[in-house]
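Quick notes on the structure that follows.
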Amino acid sequence: MLSKADPVTREHFQYIIDRTAQEDPFLQDLKQAAREADIPAIWISPAQASFMQILLRSSGAKEIIEVGTLAGYSAITMARALPQGGRVRTIELNLEFADFAERWASQSDVSEKIEVHRGSGEEVLATFESHSADAAFLDADKRNYPLYLRESLRIIRPGGLILVDNAFAFGELLLEHPSDPEVQSVRDFNDLMAKQEGVQSVIVPLGDGVWVGVKTDD
Ligand code: DHB
Ligand code: MG
């Protein structure tokens, strides 16, 4: 049931965005270079990035895995929330995207904290040890989200954080006739996540909707 509180409107979201830390010139330059390299402009928003950093810092995360590097924006953002010795292992199937992200990560202030792994999520996740991460961020092909969730729940420790992008399906979640073929995959995944045992989770309406979950048992 909805509460009687004011419904959240577009204006509320704009208000939130206006009061959230903006990205630095390095990330602005990264985005510009990514556009020039014809990398799809589908990185996370600054408000979502800040929120994810808050979650990572407050949970004391040291080891993060990511599926879907794209240009490296989220990997760099997340790495900035890690303590010394922390690491983001990020997986990218597209070799051009992986090269771009690796180049930008190496020029960033968190170059020592990012490892780009080339291959499919399925292949690479299988090589990661169980309980070897504190947090996971899923942001790749939506059809394989169930597989990435299963593997992430193996790889993160109990109490670990699981973040999943695009719960609102590129803004098309509630459309009767969505144009994007991945919308149905997102809907199916949302239903799966909502009843997933061993995870307490909620969709947070920042960016395109981000699932935030905690692994409650093994
Ligand atoms: C789109 C956005 C994303 O964040 C993503 O992971 C995939 C696609 C999009 O807007 O199409
Ligand atoms: Mg995404």
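Counting starts at 1 for both ligands and their atoms, following the listed order.
- If you run side chain to side chain contact (heavy atoms under 4.5 Å, CB included) between Tyr148 and each of Ile162, Leu125, Ile65, only Leu125 comes through.
- Between the side chains of Glu122 and Ser120, not a single donor N or O lies within less than 3.5 Å of an accepting N or O.
- Heavy-atom proximity to atom 9 (C) of ligand 1, evaluated over Phe168, Phe170, Trp43, is greatest for Phe170.
- Counting heavy atoms under 4.0 Å from ligand 1, residue Ile44 does not touch it at all.
- A side chain to side chain contact (heavy atoms under 4.5 Å, CB included) with Asp165 holds for exactly one of Leu138, Val67, Asp139; it is Asp139.
- In summary, the aromatic rings of Phe26 and Trp104 are positioned with their centroids under 6.0 Å apart.
- Residue Asp139: an N/O/S atom is found under 2.8 Å from the Mg ion (ligand 2).
- Residue Asn166 has at least one heavy-atom neighbour below 4.0 Å for each of these atoms of ligand 1: 2 (C), 3 (C), 4 (O), 5 (C), 6 (O).
- Between Lys142 and ligand 1, a contact under 3.5 Å exists for at least one N or O pair.
- When heavy-atom distances to ligand 1 are checked against a 4.0 Å cut-off, Glu182 has no atom that comes that close, whether in backbone or side chain.
- Distances from ligand 1 to the non-hydrogen atoms of Asp208 include no value under 4.0 Å.
- The Mg ion (ligand 2) lies at the vertex of an angle of 90° between the OD1 atom of Asn166 and the OD2 atom of Asp165 (rounded to 10°).
- Ion pairing between Asp180 and Lys142 fails under the 4.0 Å rule for side-chain N and carboxylate O.
- Side-chain atoms of Asn166 and Glu182 include no donor-acceptor pair closer than 3.5 Å.
- In this structure, Phe170 and Ser179 have side chains that are not in contact, with every pair of non-hydrogen atoms separated by 4.5 Å or more.
- With a 4.0 Å heavy-atom cut-off, ligand 1 is reached by the backbone of Ile42 and by its side chain too.
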